[in-house]
Amino acid sequence: MKIAVYDAGAGPRIGVVLGDRIVDAGLEGSLVDHMAGWESLAPVLAALDREKGRPLSEVRLCAPVPRPGKIFAIGLNYADHIAESGMGTPERQVWFTKAQTSVNGPFDPVQVPKVSQAVDYEAEMVVVIGRRGKHIAREDAAAHIFGYCVGNDVTERLWQHATPQWSLGKSFDTHAPFGPWVTTADEVDPHALDIRCTVNGEERQSSNTRHLVFDVFDQVAHLSQAMTLEPGDVIFTGTPGGIGAAMSPRLFLKAGDLVRVEIEGLGAIENRFEAEA
Ligand code: ZN
C-alpha cells in the first residue's frame with residue numbers, strides 16, 4: 001500500500017494512493033500516530049474505493065513524517081560511491097545525522113544556502129521505522145520497518161568536509177526532501193530496486209539497491225544496538241556513485257536546477273533549487 005500525507009488546502013491529511021488518485025483515509029492525527037495499530041487498520045485502508053478519491057495532481061504531497069524523532073544517514077555505502085570519494089570500504093557503518101528542520105516535501109523547493117554554494121544531490125532509498133525496538137536482530141529487522149520512500153540527502157560539500165563530523169553540511173534547512181509517499185514494507189524487496197537521479201533531465205546516478213554495502217536490515221540492527229528505534233524514525237540508506245562533487249570539474253547545483261530522484265516501485269520526488277531568501 002502507498003500511504004501519503006497530503007494537503008488539499010485544509011492542512012495535512014493521510015491518504016492512500018491508488019494509481020493517479022488519492023483517497024482520504026479518514027484518520028485524524030499524524031501517520032506516526034497510527035503505526036502502532038497498523039495491522040488492524042491496513043485491511044480497512046486496502047478496501048477504500050479509488051473512485052472516492054481525487055486526482056493526485058490536485059493536491060500537494062508532504063513529507064510523510066514532518067518531524068522524525070531521529071534522522072540518521074549512512075555514508076559510503078555503495079562501492080562506486082566509495083571509489084569516487086577516494087576512501088576505503090568502511091569496516092564499520094559510518095553514520096551521521098540530519099536535523100529535523102532539514103525535512104522537506106517531495107516536490108518543494110530546496111535552498112541553495114546564503115553562506116555557501118557547494119550544494120550536491122544524493123539519491124537515496126529512505127526507511128521509515130514502524131515499530132519500537134532496541135537490540136533488534138538482523139533477522140527481525142524487517143518487522144520493525146513500516147515502509148520505504150524516495151529521498152535526496154542534499155549536502156553542502158564545503159561544510160560537510162570543513163570538519164571531521166559531517167552533520168552540519170548535511171543539515172541545512174530543506175535539505176532532506178523525501179516521499180512522495182511511503183510504500184509499505186510488505187510491497188517491496190528493498191534490495192532489488194533501480195535507483196536513479198537526474199539534474200535538469202540529465203542522468204547523474206543510476207544503480208540498484210542490491211549494491212548496498214550494508215543492507216537495510218544490517219543498518220537497523222546496527223543502529224538499534226546504540227539507541228531505541230521508534231515509529232517515525234527515518235534512515236537514509238546511502239547513495240550510489242555519480243555525485244556532482246566527484247565530477248571533473250566538480251559540478252554543484254545552482255538556483256533553477258531541477259533534481260529528480262526515482263526508485264523502482266517507490267515513485268519519484270522532484271525538487272527545484274532556489275537561492276535562500
Ligand atoms: Zn547520503
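Note that ligands are numbered from 1 as they come in the structure, with each ligand's atoms numbered from 1 the same way. Every value quoted in this text rests on a predicted model; they were computed, and no experiment measured them.
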- Could you tell me whether the side chain of Asp80 and the main chain of Gly241 form a donor-acceptor pair under 3.5 Å? yes
- Item | Distance flag, aromatic centroids of Trp159 and Phe172, threshold under 6.0 Å | yes
- Could you check which N/O/S atom of Glu122 is closest to the Zn ion (ligand 1)? OE1
- Quick one: does Ser207's side chain have a donor or acceptor within less than 3.5 Å of a partner on Ile195's backbone? no
- Task: Look at the aromatic rings of His191 and Phe217 and report parallel, tilted or perpendicular, splitting at 30° and 60°.
- Result: perpendicular
- State the atom name: nearest N, O or S atom of Asp153 to the Zn ion (ligand 1). OD2
- Message: Please give the atom name: the N, O or S atom of Glu124 nearest to the Zn ion (ligand 1).
- Response: OE2
